[in-house]
Participant: 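Starting off with a structure, shown below.
For clarity, every value in this text was computed on a predicted model and none was experimentally measured. So that the names make sense, note that chain A is the first sequence line, chain B the second, and so on, each numbered from 1.
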Amino acid sequence: MEYEIIVVGAGHAGCEAALASSRKNHKTLLITSNINNIADMACNPSVGGSAKGIVVREIDALGGEMGKVADRSQIQIKKLNSKKGPAVQALRAQIDKIVYPQEMIKVLKNQSNLEIMEAMVEDLVIENNKVTGVLLKNKTKVIGKMVILTTGTYLKSDVLIGSTRTRKGPHDEEPSLHLSDNLKDLGFQILRLKTGTPPRIDKNTIDFSKTRLETGDDKYLSFNHDFIYDYDIENQQPCYLTYTNAKLHQLIQNNLEKSSMYGGLTDIVSVGPRYCPSIEDKVVRFSDKERHQIFLEPESVYYDDIYIQGFSTSMPHDIQEKMVKSVSGLENAKILKYAYAIEYDAINPTQIKQSLETKIIENLYTAGQINGTSGYEEAACQGLIAGINASLKLEGKEPLILKRSDAYIGVLIDDLVTKGVIDPYRLLTSRAEYRLLLRHDNADIRLRQFGYEVGLIDEDRYQKFQEKLNNIKELETLLKNKKLTPTKEVNEYLENINSAIIKDGITMYDILKRPEVDIEKLKRFIDIPYSNEIIEQVEINIKYEGYINKALKEAEKMIKLEMKKIPENVDYDAIHNLASEANQKLKTIRPTSIGQALRISGVNPSDISILMVYLKKGERND
Amino acid sequence: MDDTIVAISTALGVGAISIVRLSGSEAIKIVNNVFVGKNLEKVGSHTINYGHIIDNNKIIDEVLISIMHGPKTFTREDIVEINCHGGITTTNKVLQILLNNGCRLAEPGEFTKRAFLNGRIDLLEAEGVMDLINSKTEQSRELALNQVGGKVSKLIHNLRQQLLEIIANIEVNIDYPEYEDIPELTIQHLNSQIENIKTQIEIIINESENGKIIKEGIKTSIIGRPNVGKSSILNKLIDEDKAIVTDIPGTTRDIVEGTLNINGLILNMIDTAGIRETKDIVESIGVKKSLDLIENSDLILYVLNNNESITDEDIEVISKLKDKNHIIIINKTDLPKQIDETQLLSKNIVYISTINNKGMDELKDKIKEIFNLEKIVTKDLTYLTNARSLSILKQALKSINDVEVGIKNEMYIDMIEIDIKNIWQKLGEITGDTYEDELIDQLFSQFCLGK
């Protein structure tokens, strides 16, 4: 068996990686330990959210699959932060956990150049620090020029409930027992991380009258840029909001030592995600809060499980029963699946490059939870980039490296490889310095060109995109050239909408800078034959021009520092005056530019100046 | 970069003891080679050791030697300080011996440069030290010390912390839009917090500008018609304060020709040549030149004769003093009064007689009053002694105005946050917490200026 690219693991990272490489005409093998768990949504039944929703748009702009599959399987969709500025708006959809994997499997099966195999990978085949294939549990060797590891939480995973620790993966699956040890032997630093999932309860045993209804938006929304999938906007599946209470908090406090994380297990070394605390953490760390929100979310229209968002725990089953029943509306709720925490191995992501190729083993790429991230979207975008870059390497081309000002994907990967992780990494808008540039609405404008250049966006879609760009330009020119004249009619209307009257002619472009004026309102004075999508883009550009220009200026500064390259072979030990912490960090991370070096924690400006002086000295000597 | 440097770190000829300071990995070894006493390579860190400096077995000086091992030193390198007792010639000789034994003479500011490069001090402190090296009077020195002690650093850190809390609140609202636990930051709340920060920044700017006057001195000119006694007043001031009159190139295009020190307040006299060499300044150089001088000065002493009426020329020039710090001196009070000063409408009038030696103290008090020196208790001053920091602070103030405009225009709070972040970053540039390429370049060029 011989392949160009082997992808190990068929979760959200693995699916994107395999699709990217096979679409780029490379013979690809996707190996999964259980064919029934492809594209499984092991935790929450939703895709998107703040920042994450924008990542899904970015994946779609580059030619990835998650956005389209999410659109086809969503049962409720809304735009978050719709009352805030355009830069922070993002979509979140409730996803049918049955439909999503089915839709993804359909895509995989219809994809040429792609084979799927059910097997457990135990080891890598390495020759001269170069990967040349994988070794299966049944000792079969599969040859591949490039290998992408997307193993999720399956590396030596332990499920933790109360005081029990069981070596298994999610859904009682068989974990990968040997791969992480073998990675360790190759020189990878292995991290132990932890995540958790809440209980699922039977929809028919909930008293919804005691909860608050949470519905989707009454406007068509989609992650993908190319098609509109019709859905019944009136009949989206509802979610419900309820709260914890003092009784529950007391119950948790009284039984705290039974939780795996608070004494139930004494051998916990792993670190859980700060951004997704367990209910125990919330009650202990924020003991002054009288109540916490709990969202009840349907997992599928095909079965009755309700996911209790905000309620992840590692308490034993009997305590979980009591905990659930103490929540308003859940007094009679029946638990269908108990909550658990899961520990798993990951590698230190500072040992991988911006391209997601590992630094120590050539042609080996890693993506998703193995790199220390958490979340479907974070995994999928890494899978896509790993798939693209493994393919580009096969083709002898430079890797696709997105800058922090290009995409949230760029922010995520740069953070991983530059700063490493302590707890599972979740993408947040606050991690992006240039978030005004990284908007939901302009993902295609930022990234479609890259998608086209790497070959994942076909000519048709690219032409459509070019048309959009032209239309935006045309409309901007139109608004700059057309003037609003101070006629009685115009001024009466302006007064009417509480806008200052005009005395001289003013271009449409300029009057749009007024907060109370928009293109829709100008339509009474001028014919604007463009789609809403075009109008939205132009309006954002005009209204926030000042802010956008500031962000662009900042981004340019950063790019300049990124252009100051650090040669790969710098001998940091020869730079005597570096602080020892900086020396250590620079030696492990080996930043490729001054810009990246600056973002390493523990490397101070004084270290950077020493480094720059050293590099300058080197230049002069050459 | 890693060699051992040496310099005499006290002013030569001042005081009985002078200190020769070394920094670098070889510092202790080199001194030990020319020292008779304990084995300095064996003594503990931060100890003072008695002994003699020798040259070819001949005792040169009796010394106390402080041994300080890095990194707990100013430069984070090994430092040796030699307290010499023998006066200028001996100290120079000690320096020479050390140079012969493998040290390199330090460039001006090189100790500070090393301290900075080794991460011992942040940019602000480094610049504070540069100013310390430069400081002209005791008062300036105190100001510089405040800065080195991290007083302004602390204040700026504090401001950044306040900003960071605002930023965090806004961002958490974005990342967790559905969570009710975290209150949404309202425009009103933001507004009051920003106004508070603005006030604090304005205070630092104002105090810094006062501080600049204290440190760099007040450019002062004496003008008036012929024979009103300008040169007598100048000579009187010079006599009383034993001021040094030298040709020091000033910071601007003019020439500072004399520096007076009035209880720590420096007056840089400009264009005194005009007064000293020609008797008729207004006649010889004209009203136009007087106006130029006014334009160029921080303080104008306009002299009138008690024994003469005010002329149209006087009125014309004095009318230009309205917005400047000025004192109208009515000289020659020993002569009968002819002048009607009520038409001047100025509060800053001082009556003196250089002949009877009257009114000089009142003149000095008036100067101090104008520059508020009584109120400027240097210990409580929180200000930046350095032009770069001050200009960054002014940029930060501009970003605050952007925030205010955003609030007024009812912009989205997450847009306004861009300017808030900008302020936070700007303040970081002052303390060196955010990095800017140009900053380092500028700093290095400042070190090389020879301070």
Participant: Using every non-hydrogen atom in the two residues, find where B:Tyr412 and A:Lys83 come nearest and quote the distance to one decimal.
Facilitator: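 Scanning both residues, the minimum pair turns out to be CE2-O, 3.5 Å.
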Participant: Check whether A:Lys52 gets within reach of chain B through its side chain, its backbone, both or neither, counting any heavy atom under 4.5 Å.
Facilitator: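 For A:Lys52, neither part sits under 4.5 Å from chain B.
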Participant: Atom NZ of residue position A:Lys79 - does it have more than 12 heavy atoms of other residues, nucleotides or ligands inside 6.0 Å?
Facilitator: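 Yes, the 6.0 Å shell around NZ holds more than 12 heavy atoms from other groups.
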Participant: Is the NE2 atom of B:His189 crowded by more than 12 outside heavy atoms at less than 6.0 Å?
Facilitator: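 For B:His189, atom NE2 is not crowded (no more than 12 foreign heavy atoms under 6.0 Å).
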Participant: Can you tell me which of A:Ala582, A:Gly49, A:Gly85 forms the most heavy-atom pairs within a distance under 4.5 Å of chain B?
Facilitator: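 Top count of heavy-atom pairs under 4.5 Å with chain B: A:Gly85.
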Participant: Of the backbone (N, CA, C, O) and the side chain (C-beta and beyond), which part of A:Gln89 lies under 4.5 Å from a heavy atom of chain B, both, or neither?
Facilitator: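 Neither part, no heavy atoms under 4.5 Å.
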Participant: Under 4.5 Å heavy-atom distance to chain B, tell me which part of A:Lys513 shows up: side chain, backbone, both or neither.
Facilitator: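 Neither the backbone nor the side chain of A:Lys513 comes within 4.5 Å of chain B.
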Participant: Measure B:Ile174 against the heavy atoms of chain A and call it side chain, backbone, both or neither at under 4.5 Å.
Facilitator: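 Both backbone and side chain of B:Ile174 come within 4.5 Å of chain A.
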Participant: Counting only heavy atoms from other residues, nucleotides and ligands, does the tally under 6.0 Å from CD of B:Glu410 exceed 12?
Facilitator: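 It does not: B:Glu410 CD has 12 such atoms or fewer within range.
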Participant: Any chance NZ of A:Lys565 has more than 12 other-residue heavy atoms, nucleotides or ligands included, within less than 6.0 Å?
Facilitator: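 Buried by this count: over 12 neighbours within 6.0 Å.
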Participant: By a 4.5 Å heavy-atom criterion (distance strictly below it), what part of A:Arg599 contacts chain B: side chain, backbone, both, or neither?
Facilitator: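 Neither part.
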Participant: When rounded to the nearest 0.5 angstrom, what distance separates CD1 in B:Ile167 from OG in A:Ser430?
Facilitator: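 Result: 11.0 Å between the selected atoms.
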Participant: Run the side-chain donor-acceptor check on residues 432-441 of chain A: report pairs under 3.5 Å with partners two or more places apart or on a different chain.
Facilitator:
residue	atom	partner	partner atom	Å
A:Glu433	OE1	A:Arg404	NE	3.1
A:Glu433	OE2	A:Arg404	NE	2.8
A:Glu433	OE2	A:Arg404	NH2	3.3
A:Arg435	NH1	B:Glu171	OE2	2.8
A:Arg435	NH1	B:Glu417	OE1	2.8
A:Arg435	NH2	B:Asp414	O	2.8
A:Arg435	NH2	B:Glu417	OE1	2.3
A:Arg439	NE	A:Asp441	OD1	3.3
A:Arg439	NE	A:Asp441	OD2	2.9
A:Arg439	NH1	A:Leu436	O	3.0
A:Arg439	NH2	A:Asp441	OD1	3.1
A:Arg439	NH2	A:Gln537	OE1	3.3
A:Asp441	OD1	A:Gln537	NE2	2.9

Participant: Locate the shortest heavy-atom distance separating A:Tyr547 from B:Asp419; write the atom from each residue and the value.
Facilitator: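 Of all heavy-atom pairs spanning A:Tyr547 and B:Asp419, the closest is CE2-OD2, 3.3 Å.
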Participant: Strictly distance-based, threshold 3.5 Å: is any side-chain N or O of B:Asp175 a donor or acceptor partner for the main-chain N or O of A:Leu428?
Facilitator: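 No; zero donor-acceptor contacts below 3.5 Å.
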Participant: How long is the span from the CE atom in B:Met415 to the NZ atom in A:Lys550, to the nearest 0.5 Å?
Facilitator: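 These two atoms lie 11.0 Å from each other.
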Participant: What part of A:Lys84 gets closer than 4.5 Å to chain B, counting heavy atoms only: side chain, backbone, both or neither?
Facilitator: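 For A:Lys84, the contact with chain B is made by backbone and side chain together.
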Participant: Work out which heavy atom in B:Gln425 is nearest to a heavy atom in A:Glu554; give both atom names and the distance.
Facilitator: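 Distance-wise, the nearest heavy atoms are OE1-OE1, 4.0 Å.
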